Amino acid sequence: MPVPADYLRYPHRSRGMDHDRYEWSILFRRKPVDWPGGARVALLVVPALEWFPLDMTGKPFRAPGGLERPYPDYRYYTSRDYGNRVGVFRVMEVLDDLGIRASVAMNSAVAERHPFLVREVTRRGWEVVAHGVHMDRLHYGGLAVDQERQQVRESVGTLRRLSGQPVTGWLSPARSESDNTLDLVAAEGIEYVCDWVNDDMPYPIRTAHGPIYAMPHSHEIDDRVILLDLHHTEAEFVEQVCDQFDGLYREAGRHGGRIMAITLHPWVIGQPYRVRPLREALSHVMRHAGVWSATGAEILAAFRAQA
Amino acid sequence: MKSDPGLYDYWPYVDRPTLTWPNGARVAFWVAPNIEFYELAPPVNPVWKGVWARPVPDVQAYSHRDYGNRAGVWRMMEAMDRYAVRGSVSLNVALCDHHPEIIEACAARGWEFFSHGIYNTRFTYDMSREQEREIIEDSKRSIKEHTGQDLAGWLAPALTNTEHTMDLLAECGLKYTCDLFHDDQPLPVKVRSGRLISLPYSLEMNDIIVYSYYFGTPRHYRDVLRAQFDQLYAEGARSGTVMCIPLHPFLVGQPHRVEAFAEALEYITSHDGVWVTTGREIADWYYAHHYDAVAAAIAARAGA
């Protein structure tokens with residue numbers, strides 16, 4: 001049996017993308033962006049505060065960091081919970097010392113379970129980014145739209161109520177979306193989304209409720225990916241953060257302001273032996289002139305003002 | 001099924017009551033070798049079937065583990081002797097019957113024995129309360145008979161737990177569990193009756209995690225142990241911390257790995273303010289000096 005004839009038809013075979021969410025655009029052929037104060041690089045640090053329920057189903061797939069053993073998996077549950085109890089405070093100390101304000105991607109379940117953490121984030125002037133409900137409530141192709149709308153509303157509504165912030169940024173748990181996710185978050189007033197990893201700068205995305213923006217959020221400069229997936233050492237983590245920064249910093253001299261996004265998980269980087277490497281990496285960034293530590297919403301505002 | 005274990009309250013690692021250790025030490029340092037016996041042909045647990053990756057007999061995996069008892073543990077013991085570090089043995093208690101020479105050698109050094117179940121190939125999944133109580137009581141009897149010690153601590157076999165495990169440990173008079181990884185300090189565990197604390201054991205400092213999950217080199221393991229110590233030692237100036245090195249003799253006791261481990265021990269024990277101790281001693285100290293104050297502080301916070 002050969003493949004059906006349709007298999008050799010290409011209905012989207014034309015210039016640009018094979019969908020209409022965003023335009024094809026080359027990073028190096030855009031109008032240069034100026035950051036406030038003439039900064040070359042905007043530093044966007046995004047720690048994730050996540051909750052992996054003990055009874056998680058892992059459906060339709062297990063989010064990275066999800067529980068692996070039969071119920072009750074105290075081993076992985078408590079190892080992840082460590083980040084919200086202990087690790088996050090080590091990360092906060094490093095960022096405070098270096099004068100860095102973060103944008104915290106927070107499951108709304110974390111905010112409900114730990115109002116103390118919400119206060120620790122907001123009193124620092126850090127931004128709360130909606131990160132879904134929890135790590136077993138995924139958004140994915142095939143999820144009923146009413147169910148997904150309820151998840152978006154629960155996440156955004158809870159985080160707005162508990163943080164007192166407008167909450168205009170969104171990161172899907174496991175960076176997973178359905179075809180409806182962008183429309184649903186835009187309907188709730190979300191202005192930027194961190195799921196798409198195809199650019200180093202913001203770009204507009206079409207939704208049923210008007211345009212929103214994709215915001216760089218690194219899946220490469222990510223503690224969990226580098227240390228746990230790729231099994232690189234802590235020293236190699238530091239090297240890669242520094243190299244990423246150096247590359248962007250150089251590039252900004254010719255192409256205009258850039259964004260350096262760093263993705264952190266306190267249950268990973270907040271382990272005692274990993275805190276000094278984090279400090280080393282971020283110290284390298286912050287000792288340069290022309291670095292603007294900013295939140296996602298601030299970066300978006302500066303970007304939009306010139307768009 | 002519960003979405004939260006219900007074993008502890010949220011307790012952020014800031015503004016806690018200060019923990020003190022004997023002689024003003026900053027870090028309570030303990031080493032927990034897992035001395036294990038893996039069965040060649042274990043029965044299959046209905047919930048979790050995977051003991052061996054290959055059909056029985058899985059010669060390479062079985063003999064790799066067995067290396068620990070024949071060769072590795074003796075080399076590891078020698079390295080610990082050099083720096084006067086006593087072990088707290090996480091023991092598959094059937095090993096008392098299989099390899100009494102190892103038990104005698106550890107006991108002669110004044111090491112502690114806590115239980116890691118009967119065999120690492122017998123998981124607790126689907127055990128009734130009575131069955132799980134039976135393995136705890138078997139552990140108490142076996143360790144008492146072979147070492148004269150009263151069992152104080154528990155690390156579930158292969159880290160398999162049931163919803164009843166913590167209640168049963170407390171009912172059977174045990175003092176501490178190593179199965180919770182939520183904190184760097186000992187903490188009360190909520191149990192139905194009696195008292196139980198979680199003692200910081202560690203996945204991250206565990207040789208099996210570094211070697212077999214992260215695929216680290218021996219020198220990397222040494223560096224990680226030192227870095228962990230440096231941070232906990234620095235934090236220990238504010239309030240006492242605990243550092244545990246969990247080991248597996250079949251890994252750490254390989255000739256190419258044991259000296260890197262010894263170098264880490266040399267580094268850690270060369271510092272002032274390090275209480276080189278055992279699990280039982282940390283638990284006893286904690287119950288005597290901190291348990292009540294911490295439990296009260298957590299309760300006050302939960303009510304606030």
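Everything quoted here is computed from the prediction, not taken from an experiment. In the text below, chain A, chain B and the rest are named by the order of the sequence lines, each starting its count at 1.
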| remark: Comparing Pro272(A), Gly83(A), Pro53(A), Pro277(A) against chain B, the one with the most heavy-atom pairs below 4.5 Å turns out to be Pro272(A)

| said: Counting heavy-atom pairs under 4.5 Å with chain B, which one of His134(A), Arg276(A), Arg274(A), Arg90(A) comes out on top? | reply: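 Heavy-atom pair counts peak at Arg90(A).
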
| task | May I have the step-by-step check of side-chain contact (heavy atoms from CB on, under 4.5 Å) for Asp223(B) and Glu234(A), ending in yes or no? | result | CA-CA 10 Å; Asp223(B) 295 346; Glu234(A) 287 67 35; over 6 Å; no

[X] versus chain A, the contacting section by heavy-atom distance below 4.5 Å:
X: Asn45(B); result: neither
X: Tyr213(B); result: both
X: Leu7(B); result: side chain
X: Leu155(B); result: neither
X: Met243(B); result: neither
X: Leu180(B); result: both

| query | Between Asn161(B), Thr165(B), Leu232(B), which shows the greatest number of heavy-atom pairs under 4.5 Å with chain A? | reply |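 It is Asn161(B).
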
| When Pro12(B), Ala234(B), Ala156(B), Ser3(B) are compared by non-hydrogen pairs under 4.5 Å with chain A, the top option | Ser3(B)

With rounding to the nearest 0.5 Å, note down the distance linking [atom1] in [X] to [atom2] in [Y].
X: Glu235(B); Y: Glu93(A); atom1: CD; atom2: CD; answer: 7.0 Å
X: Arg80(A); Y: His182(B); atom1: CZ; atom2: NE2; answer: 15.0 Å
X: Leu203(B); Y: Tyr76(A); atom1: CG; atom2: OH; answer: 7.0 Å
X: Asp183(B); Y: Arg85(A); atom1: CG; atom2: CZ; answer: 4.5 Å
X: Thr233(A); Y: Arg219(B); atom1: OG1; atom2: CZ; answer: 14.5 Å
X: Tyr74(A); Y: Ser198(B); atom1: OH; atom2: OG; answer: 12.5 Å

Any [X] side-chain heavy atom under 4.5 Å of [Y] side chain:
X: Trp48(B); Y: Arg69(A); answer: yes
X: Gln185(B); Y: Val86(A); answer: no
X: Lys2(B); Y: Tyr71(A); answer: yes
X: Gln271(A); Y: Gln231(B); answer: no
X: Arg113(A); Y: Asp4(B); answer: yes

| Do Tyr82(A) and Asp184(B) have a side chain donor and acceptor closer than 3.5 Å? | yes

| Does atom CZ of Arg161(A) have more than 12 heavy-atom neighbours, drawn from other residues, nucleotides or ligands, at distances under 6.0 Å? | yes

| message | Going by side-chain hydrogen bond (donor to acceptor under 3.5 Å, both in side chains), Tyr273(A) matches just one of Gln228(B), Glu204(B), Arg226(B). Which one? | response |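 Answer after filtering Gln228(B), Glu204(B), Arg226(B): Glu204(B).
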
| request: Look at the rings of Tyr10(B) and His114(A) and say which category their plane angle falls in: under 30° parallel, 30 to 60° tilted, over 60° perpendicular. | output: parallel

